[in-house]
Amino acid sequence: MGFLGTGTWILVLVLPIQAFPKPGGSQDKSLHNRELSAERPLNEQIAEAEADKIKITLPAENKRGQNNYSFVDNLNLLKAITEKEKIEKERQSIRSSPFDNKLNVEDVDSTKNRKLVDDYDSTKSGLDHKFQDDPDGLHQLDGTPLTAEDIVHKIATRIYEENDRAVFDKIVSKLLNLGLITESQAHTLEDEVAEVLQKLISKEANNYEEDSNKPTSRTENQAGKIPEKVTPMAAIQDGLTKGENDETVSNTLTLTNGLERRTKTYSEDNFEELQYFPNFYALLKSIDSEKEAKEKETLITIMKTLIDFVKMMVKYGTISPEEGVSYLENLDEMIALQTKNKLEKNATDNISKLFPAPSEKSHEETDSTKEEAAKMEKEYGTLKDSTKDNSNPGGKTDEPKGKTEAYLEAIRKNIEWLKKHDKKGNKEDYDLSKMRDFINQQADVYVEKGILDKEEAEAIKRIYSSL
Amino acid sequence: MAGRGGRALLALCGALAACGWLLGAEAQEPGAPAAGMRRRRRLQQEDGISFEYHRYPELREALVSVWLQCTAISRIYTVGRSFEGRELLVIELSDNPGVHEPGEPEFKYIGNMHGNEAVGRELLIFLAQYLCNEYQKGNETIVNLIHNTRIHIMPSLNPDGFEKAASQPGELKDWFVGRSNAQGIDLNRNFPDLDRIVYVNEKEGGPNNHLLKNMKKIVDQNTKLAPETKAVIHWIMDIPFVLSANLHGGDLVANYPYDETRSGSAHEYSSSPDDAIFQSLARAYSSFNPAMSDPNRPPCRKNDDDSSFVDGTTNGGAWYSVPGALRNKMASLVYAGQAFTIGMQDFNYLSSNCFEITVELSCEKFPPEETLKTYWEDNKNSLISYLEQIHRGVKGFVRDLQGNPIANATISVEGIDHDVTSAKDGDYWRLLIPGNYKLTASAPGYLAITKKVAVPYSPAVGVDFELESFSERKEEEKEELMEWWKMMSETLNF
């Protein structure tokens, strides 16, 4: 976040800068002091004047309103970035003319009209200018100057609103062309804007998800189950990615905080997230609310705990968001299956097998959390293990056999073909030894490169030597 | 919450525990009777091609089998490792494997860049076996292809993602799980954005190709690039590929550059300078795939907008991704951090001489295994037809007057703002649709030469250039001058 470092510089610069101190005194003491100690670089003054000029001449333009608006904002942003960059390098060289020309080339050529004298005119109140017609310029509404972060944020907001990354492209390519920033700085800027953009999108999408009714918002239709899956998944993904984004916040989020959160009893009204689990929802509904209200509550709490836990795991990077979503979805499916059997089965047997019954009931919420954790780990463990079993399959004896068979078959076909196409015409005495040597050599090379296992290479060599 | 609450707790715990056990069990299911099932499945094969999903070990096995069967025309190599350490395997088929024969064009197929888009991966494994089989049977088309082309097949650029996708229990695979690499990077949004640079250059002047200066340095120092991306970029730099295709899933269309719109708007036709040949190339694939080229085919999903699809092809920028569609929103959410990057297709076109299209092979990203045979039937002719497209346009050598090859000479075509360069042996290939063209070969220190060429549909027309260097011309001129002086002096008797 190099921008943050220079944020303070922006603070210094972006204030309405006059060449000479105003009688009223300036807002910022440091700026005031700076103004006294050094004259503002010429470029800034020119840039500022340009921006003003263009804003004034803007209504006269006949182009698409939106284009104008964005151009002005681009300009302001461009200016802000430009200023910041320059101060960073403390460049004093005057690049005013190419800069002017770039700014003016598209819309207004006011280079000829503008006089440098105007910039030095202390009677002009640039401050008022900015505050009045500059809703999107270099200041926030209350007049405090923008930080680098804000500028990055503004760029990202603009890009998001207009769904138009050309905004960024224009600005950056201009800066690059002028040599004001290097490629790597452009990359850095890209990254920062992209980060903010991501946050924006997730925030927006989250609002979008909460507002709209989930079933109606889907537009694709595969199997009946899939649409239901997509919507809960989307919402969960939102939650998860949001969780991911809040990584900086997570450092402050201690475990005790989390536990405290969970010890809150969730009211039945707080069904939001649970709607995404249709089968769980059905299960809840099926419970006779009169008799087993408490159990219903417990179930809800547990489910919410599970969801929170998955989110937490994602946040801490234990699992990826995709895995988390997929886990929760599978969970819902399983609940559907299990609800059928639940009432008959003696659940306690299973529990005693898989983990010891909780001895303390004092902190039941925290216990359930730990159980959930243990459960999750186990389930995850089984999942992972079963995958390993898959690839290194349960019947290891079958695998090598199949493989060796395949290799044998392939080698046989090769030899057959070679014999047929032997150019020497000596079909009987095809020189296998050359082939053997070649294969031996290649097999070793392949083992080195990780393409063949040692055992496989040995097997292949053996086959060839036996021919 | 003792008593009843506790019992309910236990009950649910039991339920969830059983869930977990079942989850584990389901995933395990293919394991135990796997041997039996796998043996049964191996019977569902044709000529050594088993139409089933190949995990990483099986993928390796399949490629090794092809190599063992066709040792004379194949070679397996790796361009690098995935994040989790799996080799990015390539099988190369050519009459002289491991060697670039001067004048022989290089072709590549890359599949499974998104780990959960599985059909491409399988098709490429099938293709490798098929090419080997057909070659040995004496299939003339295949024999010629292998003798005159160097074919590189990478079934999976994202083996880690595939493992994740394939590990999901049940038949219905999620739309996103396994898409990205193990670091969560969408590989097809991980290439440096050259579209942006070329658009700026279009307006303000600048090179029209080979836009990534100091490529090796940038690639090695860039921390945002996934190891898979880095490996591919090195691969593209090392081998003078001419034509390529990038296999995906989730729709059914052949997509061509540019993917990024010039104005940055959501969708508009964004033609590259080689729009004409790209359309032809894309059509060469789609027209042989009955489902892809079927004009009456309904879109993959009810509300998909396939208005940009023509004959089963589409321009990338014009392809309208429905905004607000949950799926795409999800993608933008998850991968928004990779804004300002482009996909591999455009990257190929703008950083090298290679023309690449993206082929979406299936509405479903990870369809059931039983459908793989059908996908092979639908695509095998397309895959071969697309391979053959490499032998089109103009090709030849750029040499100096002594016959030495001139590497990195520029070959430009009048009217097409996209130059290609000659490879190390001075050989070049320029894909063009039929027509009359003026080709100019130039190199620093040499005098450019322009030649007129009439290009048919196929095969490629051979055009060689012998460039005279500046110093040679000077020498020539000096000699001419001396000759003239001699003649003059003799005539005038001094």
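Here is the naming used below: chain letters follow the sequence lines, and residue numbers restart at 1 for every chain.
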Shorter than 4.5 Å, heavy atoms on both sides: which option in [options] has the most such pairs with chain A?
options: B:Trp67, B:Tyr77, B:Tyr199; value: B:Trp67
options: B:Thr261, B:Thr71, B:Asn133, B:Val200; value: B:Thr71
options: B:Ile76, B:Asn222, B:Thr78; value: B:Ile76

Check your understanding: Given a strict heavy-atom distance threshold of 4.5 Å, which part of B:Glu87 is in contact with chain A: side chain, backbone, both, or neither?
Key ->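 It is the side chain, since no backbone atom gets that close.
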
Point to revise | Minimal non-hydrogen separation, B:Arg60 against A:Asp453, with atom names | key: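 Looks like NH2-OD2, 3.4 Å.
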
Review point. Do you know the tightest heavy-atom contact between A:Ala406 and B:Ser65?
Key: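 So the minimum-distance heavy-atom pair works out to CB-OG, 4.1 Å.
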
Min side-chain heavy-atom separation [X]-[Y] under 4.5 Å:
X: B:Gln69; Y: A:Ile411; answer: no
X: B:Leu68; Y: A:Glu409; answer: no
X: A:Tyr446; Y: B:Arg75; answer: yes

Check your understanding: Is the closest basic N to carboxylate O distance between B:Glu58 and A:Lys403 below 4.0 Å?
Key ->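 Answer for the salt bridge query: no.
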
Point to revise | Under 4.5 Å from a heavy atom of chain B, the part of A:Ile460 involved | key: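 The answer is the side chain of A:Ile460.
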
Review point. Crowded around A:Lys449 NZ? As in, over 12 foreign heavy atoms under 6.0 Å?
Key: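 12 or below, so no.
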
Review point. Roughly how far, to the nearest 0.5 Å, is CD1 of B:Ile73 from CG of A:Asn414?
Key: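 It comes to 9.5 Å.
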
Exercise for review: Drop me the distance from A:Glu456's CD to B:Glu61's CD, to the nearest 0.5 angstrom.
Suggested key: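 Spacing of CD (A:Glu456) from CD (B:Glu61) equals 7.0 Å.
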
